[in-house]
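This report concerns only the one structure given below.
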Number of protein chains: 2
Amino acid sequence: MSKAAKIPAPTIKRLAYYSRPLEELLDSGPPVISSEGLATLCGVQPAQVRKDLAYFGEFGVRGVGYNVRELLQEIKRILATDRRVPLCIVGVGNLGTSLIENENFKKRGYIFEAAFDSDPEKQGQKLSCGLIIEPNSRIKAVCQTKKIEIGVIATPPHVAQRVCRRLLNAGVRGILNFSPIQVRTTAEVQAENVDFTVKLENLAYHLHRLDASGE
Amino acid sequence: MSKAAKIPAPTIKRLAYYSRPLEELLDSGPPVISSEGLATLCGVQPAQVRKDLAYFGEFGVRGVGYNVRELLQEIKRILATDRRVPLCIVGVGNLGTSLIENENFKKRGYIFEAAFDSDPEKQGQKLSCGLIIEPNSRIKAVCQTKKIEIGVIATPPHVAQRVCRRLLNAGVRGILNFSPIQVRTTAEVQAENVDFTVKLENLAYHLHRLDASGE
DNA sequence: GCCTGTGAATCCATTCACAGCT
DNA sequence: AGCTGTGAATGGATTCACAGGC
């Protein structure tokens with residue numbers, strides 16, 4: 001049943017997590033893995049693994065388990081990672097540079113094909129990957145000709161919303177926002193926000209909680 | 001009722017989100033805000049805001065709303081952000097550098113007080129913030145004398161687990177992991193994982209889904 | 001016997017709707 | 001009158017437990 005049923009959002013996220021250990025098992029491990037095996041590798045329950053996968057089809061063999069290679073392929077197909085996804089980045093500071101050089105992006109087909117920065121000093125510079133930094137005013141033209149699908153925002157917060165509008169205007173289909181504000185998008189364009197400080201605040205809360213209960 | 005009740009994890013995350021617009025309102029906006037006002041600023045339901053806050057006390061005034069300054073203070077107290085939290089970082093590449101220079105961390109009291117890297121070339125170098133990069137072998141000694149509470153992992157994946165063990169051994173209370181593997185910790189030490197590619201895979205799934213249903 | 005796939009049961013979080021305070 | 005605080009109702013997601021197939 002590959003019917004477009006309602007898939008829980010957490011399921012999608014977990015599929016990505018499942019794929020990590022599967023990639024390692026591919027060369028070094030056994031060719032088959034049980035839901036229990038994969039579950040412990042990812043820190044979830046076995047039943048969760050089975051239910052998640054069952055939303056998309058019957059990938060396993062009863063009494064045996066899941067074929068690692070096939071399963072990985074299926075997951076990649078579901079997540080649409082079995083193809084090249086062109087990205088652009090706006091804001092080539094330290095964070096931007098680390099994203100551009102990130103091996104995991106490349107390995108999974110997420111390729112930066114354009115880089116923009118509002119700093120005239122940086123414009124024209126050539127990056128290690130061969131890209132040349134262009135001014136933000138070129139966002140629309142470049143994204144359209146290069147058919148950029150996802151725009152990554154790595155700018156300071158005060159320009160993030162403006163950059164976001166430019167990207168939407170340029171026709172990107174998704175936004176990955178690293179600035180600490182919530183950017184607004186249209187209904188068709190999904191935005192994912194990555195706010196590091198939220199994670200730190202979570203940690204701070206929990207370790208303080210332990211202190212409070214402990215003494 | 002500031003009783004240590006069971007607080008839902010999503011509530012903690014949202015508290016951090018609430019604090020962002022409150023900080024801006026502090027100087028520029030009105031001194032009081034309703035649950036509805038805050039809700040629309042954060043993209044959640046008004047009832048959600050009220051319930052989240054009510055877990056920790058009665059901060060509002062019926063018929064009026066919440067005092068912006070007081071509410072922000074309370075949230076900071078709850079999240080234990082009203083204090084200085086010493087961090088260390090392991091892995092001073094592009095990502096590590098961008099984290100160290102991140103203004104939002106500093107602004108919220110998260111201060112890097114030690115930096116480690118396994119690359120001998122980098123060891124001894126002085127960073128813009130004044131820190132000197134030390135070898136990973138010094139993690140335990142330095143973290144203990146500087147009372148580091150949270151360790152940030154910004155290394156390549158294959159060393160992440162080893163670094164994590166060192167940090168645990170050095171007595172950190174929390175781990176913020178930027179490498180794409182799930183690090184294992186002890187029960188008392190919470191780990192937060194930030195995996196950028198998971199976010200991209202989410203986006204890829206959704207935009208592909210739209211394609212599939214559209215044509 | 002073993003492990004998947006899945007309805008049923010449980011658990012958890014969100015939303016509703018209104019009582020209670022100012 | 002207006003808006004918070006909160007039990008009750010709803011809606012989702014996880015877990016259980018077992019039927020079904022290797």
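Each chain gets a letter, A, B and so on, in the order the sequences are listed, and its residues count up from 1. Heavy atoms only: backbone and side chains are in, while hydrogens, waters and symmetry mates are out.
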OP1 or OP2 of [N] less than 4.0 angstrom from a side-chain nitrogen or oxygen of [X], does that happen here?
| X | N | value |
| --- | --- | --- |
| B:Q48 | C:dA13 | no |
| B:Y55 | C:dA13 | no |
| B:R14 | C:dA13 | no |

Spacing between [X] atom [atom1] and [N] atom [atom2], to the nearest angstrom:
| X | N | atom1 | atom2 | answer |
| --- | --- | --- | --- | --- |
| A:I12 | D:dA13 | CD1 | C1' | 14 Å |
| A:F56 | C:dT4 | CZ | C1' | 17 Å |
| A:L53 | C:dC3 | CG | P | 16 Å |
| B:Y66 | C:dT22 | OH | C1' | 15 Å |
| B:R50 | D:dG2 | CZ | P | 15 Å |
| B:D52 | C:dC12 | CG | C1' | 14 Å |
| A:K13 | D:dT14 | NZ | C1' | 15 Å |
| A:F59 | C:dT6 | CZ | C1' | 15 Å |

Name the closest nucleotide to the [X] side chain, picking from [options].
| X | options | answer |
| --- | --- | --- |
| B:R62 | C:dG5, C:dG20, D:dT14 | C:dG20 |
| B:E58 | D:dC3, D:dT6, C:dT14 | D:dT6 |
| B:Q45 | C:dT15, D:dT6, C:dT4 | C:dT15 |
| B:K51 | C:dG7, C:dA19, D:dA8 | D:dA8 |
| B:P10 | C:dT4, D:dT15, C:dT14 | C:dT14 |

4.5 Å side-chain heavy-atom contact, B:I33 and B:L22: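 Touching, per the 4.5 Å side-chain cut-off.
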
Less than 4.0 angstrom from a charged side-chain N to a carboxylate O is my criterion; do [X] and [Y] meet it?
| X | Y | value |
| --- | --- | --- |
| A:R83 | A:E149 | yes |
| A:E201 | B:K76 | no |
| B:R77 | B:D82 | no |

What donor-acceptor contacts under 3.5 angstrom involve side-chain atoms of residues 153-169 of chain B, with partners at least two apart or in another chain?
| residue | atom | partner | partner atom | Å |
| --- | --- | --- | --- | --- |
| B:Q161 | OE1 | B:R184 | N | 3.0 |
| B:R166 | NH1 | B:N136 | O | 3.4 |

Residues touching DNA chain D, which here means a heavy atom under 4.0 Å, drawn from residues 28-41 of chain B: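 Only B:S34, B:S35 qualify.
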
Within 6.0 angstrom of B:E36 CD, more than 12 heavy atoms from elsewhere: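 Incorrect, the count does not exceed 12.
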
Working for side chain to side chain donor-acceptor pair (under 3.5 Å), residues A:Y18 and A:D52: CA-CA 10 Å; A:Y18 298 159; A:D52 283 341; 2.7 Å; yes

Pairwise 5' ranking along DNA chain D for B:G60 and A:A9, keeping only the more 5' one: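 Closer to the 5' end of DNA chain D: B:G60.
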
Residue whose nearest DNA chain D nucleotide is more 5′ - A:V44 or A:G63: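 Closest to the 5' end, via its nearest nucleotide, is A:V44.
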
Aromatic plane relationship, A:F112 with A:F105 - under 30° parallel, 30 to 60° tilted, over 60° perpendicular: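 Because their plane-to-plane angle lies in the 30° to 60° range, the rings of A:F105 and A:F112 count as tilted.
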
